[in-house]
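A quick write-up on the structure given underneath.
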Amino acid sequence: MKPSYPGIVSIGYLLAENLPANTTNNALAGIPVVLFLRPTDVPLSGTPECVVEQSNDSNGSAESLTLSFSSALRLPRNKAVALVVKDANNQSWLIGQLERPHLAITSTQQTGTPDGTPAVYVYEVKQTAPICYKPCKMMV
């Protein structure tokens, strides 16, 4: 099953080490994750896309998330990050958590063109967990 989410308006990142513990448990209980840090904005180029597949396995339900976006900003590579996605309904979603496994992020650097198309990093973020797209609230 693939739920439909409204379009992505913005993406920001936080270092995973700064997240509260047990965000998955909160989200599974229907409690939004409360964040006390403002994420660093990721300037977007093009239209981001997020696909969340839900399935049932022998141990319960699981989600597989794939988020694709392009940005001129290079995400930190030496520390685990989590992403905060804001959708067209002004709802914020947390992708990632303090605990392992952290997000699998691959990036491809693309050069710009002489006509003005910017050079960007194309990111693909993947995660498989009981819940990947966790509702969150900013308290800053």
Side-chain angles (χ1 to χ4, degrees):
M1 178 172 110
K2 292 183 184 180
S4 177
Y5 296 104
I8 295 171
V9 174
S10 67
I11 297 175
Y13 77 87
L14 299 164
L15 295 179
E17 65 191 26
N18 295 326
L19 292 174
N22 302 316
T23 56
T24 299
N25 292 339
N26 287 5
L28 287 171
I31 302 167
V33 177
V34 177
L35 299 175
F36 293 97
L37 294 171
R38 184 169 305 284
T40 301
D41 287 330
V42 175
L44 298 174
S45 178
T47 304
E49 181 180 87
C50 186
V51 176
V52 180
E53 287 189 55
Q54 297 174 336
S55 63
N56 290 324
D57 62 16
S58 60
N59 295 326
S61 63
E63 290 185 348
S64 294
L65 175 138
T66 303
L67 172 66
S68 304
F69 63 95
S70 299
S71 178
L73 179 77
R74 181 173 220 156
L75 293 176
R77 296 186 309 164
N78 58 343
K79 294 197 173 207
V81 298
L83 300 173
V84 176
V85 173
K86 185 183 264 185
D87 68 23
N89 290 337
N90 207 29
Q91 170 67 50
S92 293
W93 304 88
L94 175 65
I95 302 171
Q97 68 269 340
L98 171 67
E99 303 83 12
R100 291 183 182 262
H102 296 296
L103 298 178
I105 301 175
T106 57
S107 67
T108 305
Q109 188 174 4
Q110 293 184 346
T111 60
T113 60
D115 69 358
T117 303
V120 294
Y121 296 96
V122 178
Y123 291 100
E124 185 175 77
V125 179
K126 292 190 176 227
Q127 183 182 33
T128 300
I131 187 165
C132 295
Y133 214 52
K134 304 172 203 118
C136 66
K137 290 186 177 184
M138 303 301 208
M139 300 305 283
V140 288

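Numbers here simply count residues along the sequence, with the first being 1. Treat the numbers as computed from the prediction; the structure is a model and nothing was measured.
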Notebook entry, point to check: Apart from Val122 itself, which Ile, Leu, Val, Met, Phe, Trp or Tyr residues share its cluster (side-chain heavy atoms under 4.5 Å, direct or through members)?
Noted result: Val120

Note to self: Using a 4.5 Å cut-off between side-chain heavy atoms of Ile, Leu, Val, Met, Phe, Trp and Tyr, which other residues end up in the same hydrophobic cluster as Leu28?
What the structure shows: Ile131

Check: Quick one: hydrophobic cluster around Val84, which other residues, with the 4.5 Å side-chain cut-off, linked directly or via members?
Finding: Leu14, Leu19, Val33, Leu35, Leu37, Leu94, Leu98, Met138

Notebook entry, point to check: Residues two or more places apart in sequence or in another chain: which of them pass side chain to side chain contact (heavy atoms under 4.5 Å, CB included) with Asn56?
Noted result: Ser61

Checklist line | Least distance between heavy atoms, Gly96 atom then Ala82 atom | finding: CA-CB, 4.2 Å

Item checked: Pairs where residues 39-64 contributes a residue and the test ring-ring contact (aromatic ring centres under 6.0 Å, His included) is met, not counting sequence neighbours -> none

Checklist line | Reported CD1-to-CG distance for the pair Ile105 and Leu83, which is rounded to 0.5 angstrom | finding: 5.5 Å

Next item on the list: Taking all heavy atoms of Val81 and all of Leu103, pick out the closest pair and write down the distance.
Entry: O-CD1, 3.5 Å

Next item on the list: Give the minimum heavy-atom separation between Pro130 and Glu63, together with the two atoms involved.
Entry: O-CG, 3.9 Å

Next item on the list: Quick one: list whatever passes side chain to side chain contact (heavy atoms under 4.5 Å, CB included) with Ala88, sequence neighbours left out.
Entry: Pro6, Val9

Notebook entry, point to check: Any side-chain hydrogen bond (donor to acceptor under 3.5 Å, both in side chains) pairs touching residues 106-116, not counting sequence neighbours?
Noted result: Thr113-Asp115, Thr113-Thr117, Asp115-Thr117

Checklist line | Nearest-0.5 Å distance that lies between atom OH in Tyr133 and atom CD in Gln54 | finding: 12.0 Å

Checklist line | side chain to side chain contact (heavy atoms under 4.5 Å, CB included) partners of Ala62, counting only residues at least two apart | finding: Ser55, Asp57

Margin query: If you compare all heavy atoms of Pro43 against all heavy atoms of Asp41, which two are closest, and at what distance to 0.1 Å?
Written below: CD-O, 3.6 Å

Notebook entry, point to check: If you round to the nearest 0.5 Å, how far is CG of Asp87 from SG of Cys50?
Noted result: 10.5 Å

Note to self: Strictly by side-chain hydrogen bond (donor to acceptor under 3.5 Å, both in side chains), give each pair with a member in residues 16-26 just once, sequence neighbours left out.
What the structure shows: Glu17-Lys79

Item checked: side chain to side chain donor-acceptor pair (under 3.5 Å) involving Gln127 - partner list, sequence neighbours excluded -> Gln97

Item checked: Nearest heavy atoms of Ala21 and Glu99, plus distance in Å -> CA-OE2, 3.4 Å

Margin query: Quick check: closest heavy atoms across Lys134 and Ala27, and the distance to 0.1 Å?
Written below: CG-CB, 3.6 Å

Item checked: Distance (rounded to the nearest 0.5 Å) between Arg38 CZ and Met139 CE -> 12.0 Å

Notebook entry, point to check: ring-ring contact (aromatic ring centres under 6.0 Å, His included): which pairs involve residues 29-87, sequence neighbours left out?
Noted result: Phe69-Tyr123

Next item on the list: Name all residues meeting the side chain to side chain contact (heavy atoms under 4.5 Å, CB included) criterion together with Thr66; count only those two or more places apart in sequence or in a different chain, and write none if there are none.
Entry: Ser68, Glu124, Lys126

